Amino acid sequence: MGFRNCFGAFHSCKDTTETQRSPEIATSNVKLFSHNALRSATGHFHPSNRIGGGGFGVVYKGVLRDGTPVALKCLSAESKQGTSEFLTEISMISNIQHPNLVQLIGCCVEGSNRILVYEYMENNSLASALLGSRGKKLDIDWPKRAKICTGTASGLAFLHEEAESRIVHRDIKASNVLLDENLHPKIGDFGFAKLFPDNVTHVSTRVAGTVGYLAPEYAMLGQLTKKADVYSFGILVLEVVSGRSSSKAAFGDDLLVLVEWTWKLKEEGRLLEIVDPEMAEYPKDEVIRYIKVALFCTQAAAHQRPDMKQVVKMLSEDVSLNDQLLTEPGVYRPHSSRRSSGGSGGGRSLQITSTQIKKSKQSENTTSTTLLDSSPDLTEMVPR
């Protein structure tokens, strides 16, 4: 479905009901709902049905007339996401099908109302289930955590390499990884997503994402590549292993962020100290491998990070990773949250500068092809 046809179909649907659709919409994977139908499904958007919210609006649980539970993402009037961005999101998501991506069921575009209707995920988000308040947290053992990591990696690899239009998500984080009744992970919220042509190595764009997950080269220079998602995924893995939020917690005397603290422990040979203390039993070798994969993903130089297909292999197979190729992670801090030079501990900061990023990009022009075309060269993965 071309964008012009999509726009025309949506432009004429103000008075469309749930069952009346234009020919253009009927050929797509998206079902149009009237605002009245969705209002009824949510009990007039009753506060008790509110299950989430963020910069783009509020999310409600609803039940359709046929009994299907759904999640409704209602964009706020103040949202910067305009009609064209909304329609781009619709046409993009409607054609994407993968077990680890949240399915878009339909939408509503009436007057100023912009609502996306998604499949309902019983256990909300990973942020709520693992990183939330004690009363909302679930008891998630290591096998389930490992499947959350591998499933999310698989979904992200699909977006990067297999979707009809390659997609960089731009906002991979715990609140955008949703969990069904079996804790099966699905990546949601493509509101920040960009189509990513095969022949483009990077695009400069306004930075959109969440502090704590932002790759330095993206946050500081606006250089968006698939490797920015890889960085965010690495942070996510550290959160899954540690049970701690990367954007809220500070560790040690130096008040390090999660990835800095992990690197420090790795250098000191105490890597297992980041493991969630509520996880009583776990295979130490496998957990250490997951942590090291996360560190490979968060290296300061983007070209040294693996791609998501490599990450899936690194997580899913019993392999040995070459630690000698692992370099320090890059860390982005907004100016207001950087530690002062007089802070306690005086520990070394791993923050990468814009000059270092530019040098990294220059180096990438001559080395990235070799590194990325050969995963053994990148990580020397050797079956045990």
Side-chain angles (χ1 to χ4, degrees), residues 152-153 156-163 166-172 193-205 207-209 213-238 259-260 262-263 266 289-315 319-333 349-382:
T152 304
L156 197 50
F158 178 83
L159 290 176
H160 285 183
E161 308 297 342
E162 299 177 40
R166 304 297 190 258
I167 296 169
V168 177
H169 188 286
R170 293 206 294 173
D171 200 24
I172 293 296
K194 286 283 186 181
L195 296 181
F196 199 70
D198 290 329
N199 62 343
V200 176
T201 57
H202 81 271
V203 295
S204 294
T205 181
V207 174
Y213 296 90
L214 286 173
E217 75 279 0
Y218 178 39
M220 298 175 69
L221 301 180
Q223 292 177 337
L224 174 64
T225 71
K226 298 171 187 176
K227 296 303 181 70
D229 277 353
V230 174
Y231 181 95
S232 301
F233 175 79
I235 299 296
L236 184 75
V237 172
L238 294 181
V259 68
E260 289 178 303
T262 303
W263 179 261
K266 181 258 181 189
R289 176 161 56 88
Y290 273 57
I291 298 171
K292 289 181 178 178
V293 170
L295 289 174
F296 272 106
C297 290
T298 53
Q299 294 177 102
H303 71 276
Q304 291 181 309
R305 302 169 201 155
D307 61 42
M308 286 309 302
K309 279 192 172 181
Q310 291 174 325
V311 171
V312 170
K313 187 174 182 180
M314 293 159 73
L315 291 174
V319 298
S320 178
L321 305 178
N322 186 358
D323 295 2
Q324 294 181 352
L325 296 177
L326 193 57
T327 59
E328 291 180 334
V331 178
Y332 165 73
R333 290 189 187 85
S349 172
L350 303 183
Q351 183 170 316
I352 187 170
T353 66
S354 58
T355 301
Q356 288 173 300
I357 295 173
K358 289 176 181 177
K359 288 181 179 179
S360 168
K361 293 298 294 181
Q362 293 170 355
S363 173
E364 181 178 358
N365 291 335
T366 59
T367 63
S368 62
T369 301
T370 301
L371 286 170
L372 294 179
D373 287 347
S374 175
S375 58
D377 286 347
L378 182 64
T379 58
E380 290 194 6
M381 299 184 294
V382 181

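This chain uses plain numbering: 1 for the first residue, then up along the sequence. Fair warning: this is a prediction, and the values are worked out from it, not measured in the lab.
Shown here are the side-chain hydrogen bond (donor to acceptor under 3.5 Å, both in side chains) partners of Lys309, two or more places apart in sequence or in another chain: there are none. Residues forming a salt bridge (Lys or Arg N to Asp or Glu O under 4.0 Å) with Glu162 (at least two apart in sequence, or on another chain): none. A search for side-chain contact (heavy atoms from CB on, under 4.5 Å) contacts involving Thr262 returns Leu238, Leu258, Leu271, Ile274, Ile291, Leu295, not counting sequence neighbours. Applying the side-chain contact (heavy atoms from CB on, under 4.5 Å) criterion to Ala153, with sequence neighbours excluded, gives Phe233, Met308, Val311, Val312, Leu315.
Within the 4.5 Å cutoff, the side chain of Val237 has no heavy atoms near those of the Val293 side chain.
From Trp263, atom CH2 reaches atom OG1 of Thr327 across 6.5 Å, with rounding to the nearest 0.5 Å. Between the NZ atom in Lys292 and the CG atom in Leu326 there is a gap of 8.5 Å [rounded to 0.5 Å].
With Gln304 contributing its side chain and Gln299 its backbone, the two residues share no donor-acceptor pair below 3.5 Å. Looking at Arg289, its side chain does come within 3.5 Å of a backbone N or O of Met314 through a donor-acceptor pair.
Closest heavy-atom contact between Phe296 and Pro306: O-CD, 3.5 Å. Considering all non-hydrogen atoms of both residues, Pro216 and Val331 come closest at CG-N, 3.7 Å.
Applying side-chain contact (heavy atoms from CB on, under 4.5 Å) to Lys226 and the options Leu159, Leu156, Ile167, Val168 leaves one that passes, Val168.
Residues Asp229 and His160 have side chains that bring a donor and an acceptor to within less than 3.5 angstrom of each other.
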